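Predicted model only: the values in this text are computed from it and were never measured. The first residue of the sequence shown is numbered 1, and numbering continues consecutively from there. Any value given below was found using the heavy atoms of this structure, including those in side chains, with hydrogens, waters and symmetry copies removed.
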Amino acid sequence: MALPRIVVVGGGAGGIELATKLGHTLGKRDKAEIVLIDRNPTHIWKPLLHEVAVGAIDTELDQVSYLSHSRANGYRFQLGNLSALDREQQKLTLSAISDEEGAEVLPERHFDYDYLVLALGSVSNDFGTPGVKDNCFFIDSPQQAERFRQQMLNTFLRTTADVNADNDLTVAIVGAGATGVELSAELYNAIDMLSSYNANGFSRSRLKVHILEAAPRVLPALGERISQNVHRQLESLGVKIHVGTQVAKADEQGFETADGERIDADLMVWAAGVRGADLLATLGLSTERNNQIKVEPSMVSIDDSHIFAIGDCAACPQPNDKMVPPRAQAAHQMSSHLVKSFQRLLKGGELKPFVYKDMGSLVSLSRFQTFGTLMNGSSVRGLFVEGWLAKMSYSSLYRMHQMAIYGWLRTGAKVIVDRLNRWLRPKLKLH
């Protein structure tokens with residue numbers, strides 16, 4: 001008798017943790033076949049992408065190879081890009097994969113499943129704003145982060161090429177959520193590092209960063225105290241913050257706001273809004289307007305008992321009439337819950353609802369400062385933290401993710417290796 005096949009599509013924070021845990025609890029015990037599908041051969045934790053974008057993190061050191069990881073953790077990996085879903089036949093279609101020269105590497109393939117978990121994450125929402133797709137950088141994937149990093153370095157080199165010139169480097173970021181504010185701080189850290197290489201006397205004062213936010217304050221989804229502290233810290237670095245400012249359009253030179261103001265920039269980044277990938281609206285499943293898949297509190301699709309969705313691509317309701325927020329800690333909790341759900345399901349048990357627990361919010365402004373709240377809850381206001389304690393708490397989020405996919409021993413070894421690399425290697429990736 002064939003083992004039930006559980007297919008996880010998407011190897012982000014929730015997907016790789018789920019495949020790893022299912023591999024250990026079911027795959028290695030011959031209770032189910034676990035398959036992870038992703039369009040990339042490697043994984044990197046998405047909250048690190050703003051650091052990748054400025055070169056503070058080298059993806060070659062921090063990325064995880066799905067193929068080698070799967071072999072050690074009881075699941076199979078398939079490189080592929082989901083293009084269609086046949087619910088009646090319980091079959092996926094993976095589109096053909098070609099190399100950079102257009103030669104076909106893998107043909108179109110079909111893949112059967114008994115249970116399907118969609119963990120495709122999210123992308124930035126440009127809300128159909130004219131010119132954004134053609135003129136702005138997005139930081140939703142490692143490839144996009146690397147493209148921004150290379151363009152940032154090229155722009156920096158052009159700006160500093162003439163020793164007699166006094167050119168500024170201007171970056172405009174739309175969206176004052178976590179990605180926007182953390183990227184802006186990392187830019188100042190990167191410029192400090194570049195300046196230390198004596199790049200024609202280029203200093204922090206010549207970096208001009210603008211943040212444009214439609215809401216009345218930065219970090220509108222977080223508490224007022226965090227927002228105020230982050231606002232002050234960014235302004236002290238030199239960031240010009242435009243709150244209550246809606247972007248009407250973008251062009252090659254910069255942004256035009258709804259009030260008619262022009263903000264020209266050398267580099268333009270769009271980090272506002274979150275939505276599911278367009279593919280999700282084509283699969284024949286009920287979705288919200290932002291393409292998130294509608295699921296029951298148990299994370300099973302409202303249309304199909306064999307399909308689940310977790311993480312940012314899932315519209316998962318909660319008892320307080322709210323939805324699970326699109327955050328890394330939510331994906332982590334959902335993957336842990338779904339492992340137990342599959343264990344019960346394969347024994348003929350019933351699914352239980354997922355209840356999200358807000359463990360707090362943390363925002364890291366590079367090496368300059370970290371703010372946040374810990375132990376949030378319906379009956380707990382949350383403890384405000386900053387400085388060393390906040391920085392250690394922020395770092396622990398990534399270590400928790402590493403422990404979920406590597407275990408305690410290898411994560412401990414990686415902590416040591418990371419500290420050695422911080423001492424041995426350049427602080428900024430320049431190649």
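With contacts defined as side-chain heavy-atom distances shorter than 4.5 Å, the pair Leu212/Thr257 qualifies. With contacts defined as side-chain heavy-atom distances shorter than 4.5 Å, the pair Val7/Phe111 qualifies. Looking at heavy atoms from C-beta onward, Lys240 lies out of side-chain contact with Lys208 at the 4.5 angstrom threshold. Considering only heavy atoms from C-beta on, Phe308 stays 4.5 Å or farther from Leu18 through its side chain. The closest side-chain heavy-atom distance from Val174 to His242 is not below 4.5 Å. Under the 4.5 Å side-chain criterion, counting only non-hydrogen atoms from C-beta, Leu82 is not in contact with Ile37. Residues Leu346 and Pro4 form a side-chain contact, since some pair of their non-hydrogen atoms from C-beta on lies under 4.5 Å apart. A heavy-atom distance below 4.5 Å is found between the side chains of Pro142 and Leu49.
In this structure, the ring of Phe137 has its center no less than 6.0 angstrom from the ring center of Trp270.
Among the candidates Val239, Ile241, Leu365, the single residue satisfying the side-chain contact (heavy atoms from CB on, under 4.5 Å) test with Val230 is Leu365.
Pairing each heavy atom of Leu351 with each of Ser341, the nearest pair is CD2-CB, 3.7 Å. Contact detail for Val181 and Ala176: the closest heavy-atom pair is CG1-O, 3.7 Å. Closest approach of Val35 and Gln78 over heavy atoms only: CG1-CG, 4.1 Å. Taking every heavy atom of both residues into account, Val54 and Met152 meet most closely at O-CE, 3.6 Å. Residue Ala53 comes nearest to Leu183 through the heavy atom pair CB-CD1, 4.3 Å, listed as atom of the first residue, atom of the second, then distance. What you find for Ser184 and Ile211 is that their closest heavy atoms are OG-CD1, 3.6 Å.
Enclosure of atom NZ in Lys91 by more than 12 non-hydrogen atoms of other residues, nucleotides or ligands within 6.0 angstrom is indicated. For Lys28, the NZ atom sits in a packed shell: over 12 heavy atoms of surrounding residues, nucleotides or ligands are nearer than 6.0 Å. Within 6.0 Å of CD in Gln246 there are 12 or fewer heavy atoms belonging to other residues, nucleotides or ligands.
Between Lys294 and Asp303 there is no salt bridge, since no side-chain nitrogen of the basic residue lies less than 4.0 Å from a carboxylate oxygen of the acidic one. Looking at Arg5 and Asp114, no side-chain N of the basic residue comes within less than 4.0 Å of a carboxylate O on the acidic one, giving no salt bridge. Electrostatic pairing of Arg217 and Glu224 counts as a salt bridge here, judged by a charged N lying under 4.0 Å from a carboxylate O.
Aromatic ring orientation, Phe77 versus Tyr66: parallel (interplanar angle below 30°, classes split at 30° and 60°). Taking the six-membered ring where the residue is Trp, His69 and Tyr75 present tilted rings, their angle falling between 30° and 60°.
In this structure a side-chain-to-backbone donor-acceptor pair under 3.5 Å is present from Ser335 to His332. Thr245 places a side-chain N or O within donor-acceptor distance of the main-chain N or O of Val243, the cut-off being under 3.5 Å. Using modelled atom types, one side-chain atom of Arg109 and one backbone atom of Pro107 make a donor-acceptor pair closer than 3.5 Å. Judged by distance alone, the side chain of His43 and the main-chain N or O of Gly11 form a donor-acceptor pair under 3.5 Å. For the pair Ser95 (side chain) and Asn81 (backbone), a donor-acceptor distance under 3.5 Å is present. Under the 3.5 Å distance criterion, the side-chain polar atoms of Tyr188 are matched with a main-chain donor or acceptor of Gly238. Under a 3.5 Å cut-off, the side chain of Gln233 and the backbone N or O of Asn229 do not form any donor-acceptor pair. A donor-acceptor pair is defined here as one N or O able to donate and one able to accept, closer than 3.5 Å; no such pair exists between the side chain of Ser65 and the backbone of Thr42. Judged by distance alone, the side chain of Thr155 and the main-chain N or O of Gln151 form a donor-acceptor pair under 3.5 Å. Between the side chain of Asp126 and the backbone N or O of Val132 there is no donor-acceptor pair closer than 3.5 Å.
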Practice item. Starting from the C-alpha separation in whole Å, work towards a yes-or-no answer on side chain to side chain contact (heavy atoms under 4.5 Å, CB included) for Ile226 and Phe384. Key: CA-CA 8 Å; Ile226 297 178; Phe384 178 80; 4.2 Å; yes
**Study point:** Step-by-step side chain to side chain contact (heavy atoms under 4.5 Å, CB included) determination, His210 to Ile173
**Key:** CA-CA 6 Å; His210 295 262; Ile173 303 169; over 6 Å; no
Review point. Can you check side chain to side chain contact (heavy atoms under 4.5 Å, CB included) on Met359 and Gln333, steps first, answer last?
Key: CA-CA 10 Å; Met359 305 306 292; Gln333 293 177 32; 4.0 Å; yes
Exercise for review: Quick one: do Asp86 and Glu88 satisfy side chain to side chain contact (heavy atoms under 4.5 Å, CB included)? Show the steps, please.
Suggested key: CA-CA 6 Å; Asp86 185 338; Glu88 288 188 6; 3.7 Å; yes
Practice item. Take Asp418 and Arg399 through the salt bridge (Lys or Arg N to Asp or Glu O under 4.0 Å) test and state the conclusion after the steps. Key: CA-CA 11 Å; Asp418 288 347; Arg399 298 308 179 191; 3.0 Å; yes
Exercise for review: Any chance you could lay out the side chain to side chain donor-acceptor pair (under 3.5 Å) test for Arg327 and Ser361, step after step, and finish with the verdict?
Suggested key: CA-CA 10 Å; Arg327 302 173 65 182; Ser361 304; 2.8 Å; yes
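Both tests do not hold together for Lys249 against Phe255: distance to the six-membered ring centre under 6.0 Å, angle to the ring axis within 45°.
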Could you tabulate the donor-acceptor pairs under 3.5 Å formed by side-chain atoms of residues 312-319, not counting sequence neighbours?
from   : atom 1 : to     : atom 2 : distance (Å)
Asp312 : OD2    : Ser122 : OG     : 2.8
Gln318 : OE1    : Tyr356 : N      : 2.6
Gln318 : NE2    : Phe354 : O      : 3.0

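Interatomic distance, CH2 of Trp45 versus CD1 of Ile57, reported as 9.5 Å (0.5 Å rounding). Taking CG from Leu22 and CG from Asn73, the interatomic distance works out to 11.5 Å, rounded to the nearest 0.5 Å. One distance of note links CD of Gln144 with OG of Ser141; it measures 3.5 Å at 0.5 Å rounding. With rounding to the nearest 0.5 Å, the separation of NZ in Lys347 from CZ in Phe342 is 14.5 Å. Between Asn291 atom CG and Leu285 atom CG the span is 12.0 Å, to the nearest 0.5 Å.
In summary, the side chains of Asp112 and Gln89 do not present any donor paired with an acceptor at a separation below 3.5 Å, with no hydrogens or angles considered. Between the side chains of Lys21 and Ser336, at least one donor-acceptor pair of N or O atoms lies under 3.5 Å. Remark: the Glu235 side chain and the His231 side chain contain an N/O donor-acceptor pair separated by less than 3.5 Å. For the residue pair Arg147/Gln150, the side-chain donor-acceptor check at 3.5 Å is not satisfied. Side-chain contact annotation: Thr179 with His50, donor-acceptor N/O pair under 3.5 Å absent.
Identified under the side-chain hydrogen bond (donor to acceptor under 3.5 Å, both in side chains) test for residues 99-108, with sequence neighbours left out: none. Pairs of residues two or more places apart, or lying in two chains, that qualify as salt bridge (charged side-chain N to carboxylate O under 4.0 Å, His left out) and include a residue from residues 74-85 are Glu33-Arg76.
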